[in-house]
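Quick notes on the structure that follows.
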Amino acid sequence: MSAIDNIGIKVIEAADLPTGNVKALLHELSGLLDAWLSTGEAASIDLRSLPLTRGDYDELGATLGAGAVSASVEAIGLSEVRETRYPGVWRVTHRNEAGEIVADLLEVCDAPVILRSPVEDAADGLIRLKEALRP
Amino acid sequence: MSAGNTTIERPLVDKQGQMPEAQRTANAMKAFAQDFGRTASIYLESCIHCGMCAEACHFYEVTGDPKYTPVWKLEPFKQAYKREHGPFALFYRAFNLKARVTEGELEQWQHLLYDSCTVCGRCSLMCPMGIDIAGLISNARHGMAQAGLAPKELREAADRGSAPKDFKDRISRLAAEHGVDIPVDKTKADILCTVSSTEIEQYPKSIVATARIMKRLGANWTFRSDGYQANNFGLLAGDAQRQKEASMKLIEAAIACGAKTLILPECGHAYGALRWMGANLYGKPLPFKVLHISEFLADSMRSGKLKLKRLGKSVTFHDPCQSSRRGGVIDAPREVLAALGTELKEMFPTKGTNWCCGGGGGVVDIRRADALRHKVFHLKMNQIDETGAELAVTSCTDCRKTFDDGQARFKWDKSMNSLVELVANNLIEA
Amino acid sequence: MDLLTFVRGPGMQWAAAIFVVGILWRLVGILLLRGKKDLSEPRKPGWRGLRLLALRSWPRKEFLGGTAFGEIMGYTFHIGFFVALLFYLPHILFFEDVAKGLIGVNFKQVFGVGWPYLPGGAVYFFSAISVAALFAVLIHRIASPVKRMLSNFDDYFSWFVTIAPIATGMLAFSHFGGPYPTLLGLHLASVELLMIWFPFGKLMHAFTIFLARGTQGVTFERKGASL
Amino acid sequence: MTTLGDTLSASGVSRRAFLKFCTALTSLMALPPSMAPAVAQALAKAKRPSVIWLSFQECTGCVESLTRTNSPTLENLILDLVSLDYIETLQAASGFAAEEARQHAMKESNGQYLLLVDGSIPVADGGIYGTLAGESFVDMLQESAKGAAAVVAIGSCASFGGLPKANPNPTGARSVSDIVKDKPVINVPGCPPIAVVMTGVLAHYLTFGKIPELDAQRRPLAFYGETIHDRCYRRPFYDQGKFAKTFDDEGARSGWCLYELGCKGPITHNACATVKWNAGTSFPIQSGHGCLGCSEPDFWDNGSFYKALATADWGGAKAIGTAAAVGVAVGAAAAYAARKRQNRVSKEG
């Protein structure tokens with residue numbers, strides 16, 4: 001990426017300009033939140049399937065803000081889970097070992113699945129715990 | 001197809017000459033072909049079937065019958081053109097996109113091209129594409145006449161040639177009767193006057209009036225028995241040969257007496273026949289000026305030679321289609337009426353868009369067309385009544401015949417006056 | 001070769017060729033016919049007569065009664081159609097390409113400023129009123145006894161080839177009714193159908209109107225007759 | 001055949017990691033996020049298919065785009081999942097050993113393996129313009145396709161013939177679907193296709209064991225269902241009529257639509273506008289250049305990349321000139337014939 005920067009003409013990255021898609025996204029989020037509260041049906045939006053520019057992402061971040069919880073999960077790369085200012089709306093960003101985003105989601109639920117400890121891992125953990133207890 | 005409620009004594013279609021059907025269509029095609037050419041082609045290639053010309057036609061206006069749509073009257077001529085002469089004629093013939101003209105079709109179109117068309121040109125004025133439909137109607141009539149399918153009355157009148165034969169005796173009797181000098185057959189004269197056969201038969205006073213006016217002006221004028229009839233039944237019937245014969249008589253008579261001006265009488269189509277078609281029949285520009293008598297009166301007025309008493313009456317002028325709308329003589333009669341000190345109350349519509357009286361183009365002479373013509377006449381009566389003028393004036397004998405016939409039939413309280421007689425009766429004697 | 005590639009390539013080439021051949025064939029086929037010279041003495045000397053071209057474009061008040069519908073619908077269609085055709089950027093780009101190809105001139109060089117254009121929404125509106133007027137006219141053509149009697153295949157087919165490009169253009173613009181490439185392909189196909197039919201039907205009135213009004217204008221003005 | 005789940009857990013990948021992997025895969029395959037559990041369940045049971053990659057008349061752009069040697073990413077992880085038994089460009093073995101490995105793989109999982117092809121197949125002069133170890137590409141493809149469960153044509157060359165097939169196509173280049181008629185063929189066009197799209201298609205086949213939904217050109221609808229124009233972030237400028245006139249005018253600098261500069265976005269089906277290139281960095285339009293339409297058939301022959309989509313090829317001045325001449329000539333002939341016929345008819349009728 002660095003090579004591009006030292007080209008003479010500085011092209012104003014049009015991608016920085018917000019395109020107004022965020023407003024539509026917030027409407028959808030309010031709909032999903034409403035559905036979750038009334039039917040308990042969780043849902044999530046894959047941000048990378050939408051034509052969002054960097055300006056849109058910044059605007060999204062600004063409007064959703066930060067809530068009470070922010071967690072990081074270390075599993076084949078870092079995954080950040082942050083609750084937004086609106087409880088029940090979570091921002092989950094998965095990265096791989098190289099730090100590149102492989103999935104970027106907005107989840108509407110009580111708590112994103114990635115935070116829960118899977119039963120299989122717990123079973124393996126139990127085996128290891130018992131071994132550690134053996135003298 | 002029968003015109004309203006009158007019973008039809010004779011067969012619907014008039015036919016002349018004993019010839020097989022194929023011969024009639026061949027003759028029609030022969031005449032149509034003579035009228036093909038760039039102008040007819042430009043017009044016939046431009047119709048977009050918008051139907052607006054019907055809105056201008058008085059026959060459609062009073063009947064609402066779609067068959068009276070002006071451009072529909074051209075159908076046989078248009079068919080012939082598309083098959084024989086258009087840029088795609090080869091394909092029209094090869095795939096028979098337009099059928100050949102049939103005799104049955106021509107017969108059917110006799111009613112449309114004659115009884116229900118006064119060739120008044122109002123449709124040409126309306127056509128958004130600028131097609132001179134009236135002009136093409138005259139062309140179409142050539143085919144009908146050549147095929148021996150012209151209405152009986154017009155065919156006989158056309159074949160009769162100049163009438164009445166005893167023109168000279170009639171004029172001398174008239175002169176004696178009215179104590180006015182009416183020169184006939186002077187070898188030399190500045191002005192050759194002409195009459196309409198209708199004037200001789202029905203309105204002799206117009207001739208006397210003309211004579212008085214000429215005498216008052218001290219003009220060196222004459223009638224010529226070798227060329228006196230200005231109205232042209234060849235034109236009305238669509239017989240180009242008869243039309244030429246009639247016009248050539250006038251032209252030769254004028255040349256014979258060395259006239260510098262030829263004055264046409266109060267007649268609509270006579271003006272068009274000589275003023276605008278004369279030179280083309282003659283083959284070279286006419287060596288004399290041609291004037292409608294209303295133009296001559298207006299000129300005399302303007303030059304101060306003619307002084308008129310002031311009538312002080314309200315007047316409305318009916319514009320004869322051929323001289324006004326299609327001929328361009330619109331202002332002259334109005335100048336004369338002004339000189340007569342009348343208050344002109346124009347009809348609506350008037351001048352170039354005036355409704356036709358319904359009798360022009362030979363229709364007034366076709367007996368079987370009477371019922372249809374009478375329907376149209378209502379338009380005229382309402383129009384004139386609405387002006388509330390005391391006097392109704394026009395400058396065409398066919399119109400006067402139509403108005404008199406209408407007045408008699410509908411017991412109309414108004415009667416139509418002739419401009420020339422009005423002028424003659426109000427001359428200020430020197 | 002899919003539809004869009006065909007209509008943008010050979011389809012357009014053939015349509016343009018037939019369009020040009022047809023129009024010139026018909027116009028030359030008319031103009032080279034035998035003309036008759038008028039020997040009568042004109043009422044006003046001098047060759048004039050093109051006033052009728054303009055005069056006949058506006059309805060007379062005496063005729064307004066019967067013709068108001070036709071005039072209004074006619075103008076609504078033509079104005080809507082030509083605004084959409086001449087002020088929509090993709091169309092302008094096509095005409096500029098043709099102009100540069102034929103006469104090697106770019107509109108900008110000649111007038112210093114590019115050909116003005118309207119935003120898509122405005123063009124869509126003009127197209128819509130144009131389509132509405134066309135439907136009104138079709139219904140009138142069927143309902144009115146006069147028009148129905150006069151009408152033949154040419155009238156209805158010409159109506160179809162005229163409305164098709166506008167309708168498909170609107171669909172393509174709004175990406176409605178199928179994938180865009182197909183809609184654009186249909187739009188161009190309908191334009192090519194119009195170009196192919198144009199010289200052989202009543203659409204030629206776009207050219208003959210000047211000839212016919214001109215001829216009547218000259219002959220009538222020569223006589224001082226009403227225009 | 002060990003399942004994928006066994007392989008992953010054997011290599012110490014926790015269930016949570018596997019779940020995260022499936023979420024990423026679902027996003028990759030452009031499926032709705034709610035599908036992640038279904039993907040996980042299917043993936044756990046999937047068997048590691050054998051994959052054979054044949055490279056024919058190609059520029060290795062597709063392989064380059066797929067492997068993206070500069071940074072190992074999820075794509076490599078996918079490649080670890082499948083046992084890539086033969087890829088001539090990347091494999092260490094060569095010559096007889098390589099051919100032997102390929103024959104072995106084909107025999108071993110006959111009817112099961114996935115055949116990936118990039119590059120077009122020259123058929124002119126008996127396929128002489130493309131041979132490997134004496135065997136022409138045409139024969140190699142037909143032979144390898146016999147035992148394949150499905151064939152994936154990677155890149156515009158394999159999908160539609162691409163550059164080699166561009167006019168005048170001296171080698172008689174053909175696309176895979178022109179030759180393989182009896183096997184399901186998935187086209188993944190693009191010049192090259194986006195890495196994520198390639199792995200997404202592979203992952204889909206791998207996860208669900210069947211072919212994703214395809215459009216008329218056999219392209220997966222998940223990635224090629226919509227045009228660039230439909231998903232382009234500059235679309236609002238197109239609708240307002242704001243167009244860049246040159247590549248560095250005020251319009252271009254403020255990111256206006258590139259329609260006038262020849263962008264083929266409206267007629268090009270691909271996922272560049274959303275998935276973007278180089279892990280979401282950018283895509284041609286975002287970098288200021290119009291889309292070339294590289295995932296559409298014969299895009300090389302579809303007119304200049306810099307002529308607006310609207311300017312169809314109307315034939316040029318010469319063609320219109322000749323047409324005009326022909327029109328006048330035929331018109332004159334018609335008028336002449338009409339005059340002659342007029343003379344005849346006006347005499348005899």
Side-chain angles (χ1 to χ4, degrees), chain B residues 36-43 45-52 54-56 60-61 64-67 69 71-72 85-88 121 124-132 135 272 275-280 282-286 289-290 324-330 348-353, chain C residues 25-41 43 52-53 56-57 59-63 65-67 70-71 74 140-141 144-152 154-155 158 200 202-205 208-217 219-220 222-227:
Chain B
F36 290 155
R38 187 181 324 124
T39 308
S41 169
I42 286 174
Y43 286 144
E45 294 282 343
S46 306
C47 177
I48 58 169
H49 296 159
C50 71
M52 278 202 198
E55 301 297 334
Y60 174 77
E61 180 79 13
D65 189 333
K67 69 171 185 260
T69 305
V71 79
W72 182 249
H85 204 60
F88 308 134
S124 306
L125 210 58
M126 154 77 84
C127 175
M129 290 299 124
I131 301 169
D132 179 11
R275 177 68 175 78
W276 301 118
M277 298 187 214
N280 298 329
Y282 184 50
K284 23 193 215 287
L286 297 176
K289 229 162 132 34
V290 179
S324 285
R325 178 176 17 260
R326 289 182 70 76
V329 178
I330 294 178
F348 180 81
T350 186
K351 293 185 179 171
T353 52
Chain C
W25 171 359
R26 191 162 180 186
L27 286 183
V28 169
I30 293 171
L31 293 173
L32 288 188
L33 294 176
R34 189 166 285 125
K36 294 194 187 83
K37 198 169 171 333
D38 189 342
L39 300 168
S40 65
E41 187 213 339
R43 184 176 294 282
L52 186 131
L53 283 175
R56 199 54 67 81
S57 298
R60 290 169 172 279
K61 55 186 181 320
E62 295 94 341
F63 294 147
T67 62
E71 293 274 350
H140 190 254
R141 180 166 290 282
S144 140
V146 168
K147 286 181 138 181
R148 201 169 56 246
M149 178 191 73
L150 290 174
S151 299
N152 56 15
D154 177 13
D155 296 293
S158 298
F200 308 103
K202 69 188 238 185
L203 298 183
M204 267 302 275
H205 73 273
T208 56
I209 190 172
F210 298 103
L211 297 177
R213 283 191 186 175
T215 311
Q216 185 179 105
T219 17
F220 277 33
R222 215 173 165 286
K223 298 194 278 186
S226 312
L227 297 183

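Below, read A as the first sequence line, B as the second, and so on, with proteins coming before strands; counting in each chain starts at 1.
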| task | Would you confirm whether C/Arg213, through its side chain, and B/Gly130, through its main-chain N or O, come within 3.5 Å as a donor-acceptor pair? | result | no

| message | For chain C, which candidate among B/Pro87, B/Ala279, B/Gly64, B/Gly352 shows the most heavy-atom pairs at distances under 4.5 Å? | response | B/Pro87

| message | Is C/Leu27 close to chain B through its backbone or its side chain, or both, or neither, when contacts mean heavy atoms under 4.5 Å? | response | neither

| message | Minimum heavy-atom separation for B/Arg275 and C/Ser40, please, with both atom names. | response | O-CB, 3.6 Å

| query | For chain C, which of B/Thr353, B/Thr350, B/Leu125, B/Leu286 has the most heavy-atom pairs under 4.5 Å? | reply | B/Leu125

| Engaged part of B/Val329 at the chain C interface, taking heavy atoms whose separation is under 4.5 Å | both

| message | Rounded at 0.5 Å granularity, tell me how far CD1 in C/Ile209 sits from CD1 in B/Ile42. | response | 13.5 Å

| Euclidean distance, C/His205 NE2 relative to B/Ile48 CD1, rounded to 0.5 Å | 5.0 Å

| field | Atom pair OG (B/Ser41) and CZ (C/Arg26), whose distance is rounded to the nearest 0.5 Å | value | 8.5 Å

| Relative to chain C, which of B/Cys47, B/Pro349, B/Cys127, B/Gly51 shows the most heavy atom pairs under 4.5 Å? | B/Cys127

| Most chain C-contacting option - heavy-atom pairs closer than 4.5 Å, from B/Cys50, B/Pro285, B/Ala54 | B/Cys50

| Residue selection (most heavy-atom pairs with chain B, distance under 4.5 Å) from C/Val28, C/Leu203, C/Leu32, C/Asn152 | C/Asn152

| request: Decide yes or no for B/Met52 and C/Glu71: does some side-chain heavy atom of the first lie under 4.5 Å from some side-chain heavy atom of the second? | output: yes

| task | Check the pair C/Leu150 / B/Val71 against side chain to side chain contact (heavy atoms under 4.5 Å, CB included), numbers first and verdict last. | result | CA-CA 9 Å; C/Leu150 290 174; B/Val71 79; 3.6 Å; yes

| With a 4.5 angstrom heavy-atom cut-off, which part of C/Lys36 approaches chain B: side chain, backbone, both or neither? | side chain

| query | If you look at every heavy atom in B/Arg38 and C/Leu31, which pair is closest and at what distance? | reply | NE-O, 2.8 Å

| said: For chain C, which candidate among B/Pro66, B/Gly86, B/Ala40 shows the most heavy-atom pairs at distances under 4.5 Å? | reply: B/Pro66

| query | side chain to side chain contact (heavy atoms under 4.5 Å, CB included) between C/Gln216 and B/Tyr43: does it pass, once the steps are laid out? | reply | CA-CA 9 Å; C/Gln216 185 179 105; B/Tyr43 286 144; 3.6 Å; yes

| request: Just give me the residue among C/Glu62, C/Arg56, C/Lys202, C/Arg34 that pairs up with chain B most often, heavy atom to heavy atom, under 4.5 Å. | output: C/Arg56

| request: Heavy atoms only: give me the nearest C/Thr67-B/Met126 pair and the separation to one decimal. | output: CG2-CE, 3.3 Å

| query | chain B heavy atoms under 4.5 Å from C/Met204: which part of the residue, side chain, backbone, both or neither? | reply | neither

| request: Find the one option among C/Gly214, C/Gly217, C/Ser57, C/Ala212 whose heavy-atom pairs under 4.5 Å with chain B are most numerous. | output: C/Ala212

| query | Which bit of C/Arg60 comes within less than 4.5 Å of chain B, counting heavy atoms only: side chain, backbone, both or neither? | reply | side chain

| Contact leader toward chain C among B/Thr69, B/Asn280, B/Thr39, where contacts are heavy-atom pairs under 4.5 Å | B/Asn280

| said: For C/Phe200, which atoms come within 4.5 Å of any heavy atom of chain B: side chain, backbone, both, or neither? | reply: both

| query | Between the main-chain N or O of B/His49 and the side-chain N or O of C/Arg141, is there a donor-acceptor pair closer than 3.5 Å? | reply | yes

| note | Output for pair (B/Trp72 CH2, C/Met149 CE), nearest 0.5 Å, gives 5.5 Å

| Tell me, do C/Phe220 and B/Arg326 make a side-chain contact under 4.5 Å, heavy atoms counted? | yes

| task | Determine, stepwise, if the pair B/Met129 / C/Leu211 fulfils side chain to side chain contact (heavy atoms under 4.5 Å, CB included). | result | CA-CA 9 Å; B/Met129 290 299 124; C/Leu211 297 177; over 6 Å; no

| request: Give the C-alpha distance, both sets of side-chain angles, the deciding distance and a yes or no for side chain to side chain contact (heavy atoms under 4.5 Å, CB included) between B/Phe36 and C/Leu33. | output: CA-CA 8 Å; B/Phe36 290 155; C/Leu33 294 176; over 6 Å; no

| Heavy-atom contact with chain B under 4.5 Å, split by part of C/Thr219 | side chain

| Hey, does C/Phe63 have a side-chain heavy atom less than 4.5 Å from the side chain of B/Glu55? | no

| query | At what distance, to the nearest 0.5 angstrom, does CD1 of C/Ile30 lie from NE2 of B/His85? | reply | 10.0 Å

| What is the minimum heavy-atom distance between C/Glu41 and B/Lys289, and which atoms define it? | OE1-CG, 4.4 Å

| Contacting region of C/Asp38 [heavy-atom separation from chain B under 4.5 Å] | both

